[in-house]
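As the structure is a computational prediction, the values presented were derived from the model and not from experiment.
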Amino acid sequence: MTSEATISTSRTRIQKPGYRDYYWLRSFVAGGVASCCAKTTIAPLDRIKILLQAQNIHYRHLGVLATVFAVRQKEGILGLYKGNGAMMVRIFPYGAIQFMAFDKYKKLISKKIGKSEHIHRLMAGSMAGITAVIFTYPLDMVRARLAFQVKGEHRYNGIIHAFKIIYTKEGGLPGFYRGLIPTVVGMAPYAGFSFFTFETLKTTGLKHVPELLGKPSRDNPDVLVLKTHASLLCGGVAGAIAQTIS
């Protein structure tokens, strides 16, 4: 009996590192896939935002809905998704790094400074967002350049061509990081408040109305996680608040 218990304990210890590795891999893939799905869903509005923010000569006099119809008429339905291929190349590692980094930073901050849970969420979210931006910024720049183009006035023929042009004509590697500082300044509060708001809403909801918002975790039935609709709602509210603040 003692021997069996010892073997069982030993197996448990051996499995723990593997389980942690699997957890990190799962977080990486889940974060990447979730980000791809979210960005593809809002890709048309994202392109409209870029066209209007940068005051594209063809659309700067129009409103949001008018621009949507104008782009569809001038460039077809796929015109609304221009730059989305580069976005997918960028957003998978961005989302994956951000979600993984958030958990890592949260544990590190909790261990090092021991402040309240709210401070952990805010700081870890900001640091995770900045980390993800720094690693993926060149892809974001290429995506924005492609999305800003209109039919018949293409400077770039695709992702690889855009990389070549920027590298050869805009100063090599530094050319890919133009605008990084204001992006980081905006990302710090955005990511911080996004994670902070989501985690706070999740914790509050599961504490006060667990039967309405929660369901048992697949990994541990004793632990409650948000139901799909509740997670979507919390994520939407968190994103809206963070975007407004930043």
Side-chain angles (χ1 to χ4, degrees), residues 8-9 12-13 15-42 45-46 91-133 135-136 186-246:
S8 176
T9 303
T12 301
R13 287 175 180 170
Q15 289 173 352
K16 282 183 178 179
Y19 179 80
R20 286 197 298 269
D21 292 340
Y22 174 68
Y23 172 78
W24 284 110
L25 176 62
R26 189 169 57 179
S27 295
F28 185 89
V29 174
V33 172
S35 297
C36 287
C37 291
K39 283 296 183 180
T40 299
T41 302
I42 65 166
L45 289 175
D46 197 44
I91 203 63
F92 188 94
Y94 173 87
I97 291 170
Q98 187 180 43
F99 277 93
M100 287 181 62
F102 175 72
D103 285 336
K104 192 72 174 179
Y105 284 137
K106 187 178 175 183
K107 292 176 183 177
L108 180 64
I109 292 170
S110 177
K111 182 179 179 181
K112 294 294 183 181
I113 65 176
K115 297 292 183 181
S116 71
E117 187 71 15
H118 297 301
I119 299 297
H120 296 165
R121 294 168 184 166
L122 191 60
M123 291 181 64
S126 296
M127 293 167 67
I130 291 172
T131 301
V133 162
F135 274 99
T136 62
M187 177 53 65
Y190 172 77
F193 280 103
S194 181
F195 277 105
F196 168 78
T197 306
F198 179 81
E199 291 287 320
T200 301
L201 289 174
K202 180 180 76 171
T203 302
T204 304
L206 291 177
K207 179 180 179 181
H208 295 288
V209 282
E211 65 285 343
L212 180 63
L213 302 179
K215 65 179 180 180
S217 169
R218 291 182 179 181
D219 295 326
N220 186 355
D222 295 328
V223 176
L224 286 180
V225 296
L226 288 176
K227 293 179 180 178
T228 303
H229 72 278
S231 184
L232 184 64
L233 178 61
C234 290
V237 172
I241 291 175
Q243 187 71 55
T244 301
I245 291 173
S246 64

Should the pair Phe102 and Phe195 be assigned to parallel (<30°), tilted (30 to 60°) or perpendicular (>60°) ring geometry?
parallel
Measure across [X] and [Y] and return the closest heavy-atom pair with its distance rounded to 0.1 Å.
X: Pro189; Y: Ser246; value: CG-CB, 4.0 Å
X: Gly239; Y: Tyr190; value: O-CE1, 4.1 Å
X: Ala132; Y: Ile97; value: CA-CG2, 3.9 Å
X: Thr136; Y: Tyr94; value: OG1-CD1, 3.5 Å
X: Phe193; Y: Leu122; value: N-CD1, 3.9 Å
X: Gly129; Y: Gln98; value: CA-NE2, 3.7 Å

Roughly how far, to the nearest 0.5 Å, is [atom2] of [Y] from [atom1] of [X]?
X: Ser231; Y: Lys202; atom1: OG; atom2: NZ; answer: 8.5 Å
X: Leu206; Y: Lys227; atom1: CG; atom2: NZ; answer: 10.5 Å
X: Ser194; Y: Ile245; atom1: OG; atom2: CD1; answer: 10.0 Å
X: Met127; Y: Ile109; atom1: CE; atom2: CD1; answer: 4.5 Å
X: Lys106; Y: Ile119; atom1: NZ; atom2: CD1; answer: 13.0 Å
X: Ser126; Y: Arg121; atom1: OG; atom2: CZ; answer: 14.0 Å

Side-chain heavy-atom pair His208, Leu213 within 4.5 angstrom cut-off
no
Can a donor-acceptor pair be found, under 3.5 Å and without considering hydrogens, that links the side chain of Thr197 to the backbone of Ala238?
no
Side chain of Thr244, backbone of Ala240: donor and acceptor closer than 3.5 Å?
yes
Check the pair Lys104 / Thr131 against side-chain contact (heavy atoms from CB on, under 4.5 Å), numbers first and verdict last.
CA-CA 12 Å; Lys104 192 72 174 179; Thr131 301; over 6 Å; no
Please assess Phe198 against Val237 for the test side-chain contact (heavy atoms from CB on, under 4.5 Å), listing each intermediate value before the final yes or no.
CA-CA 8 Å; Phe198 179 81; Val237 172; over 6 Å; no
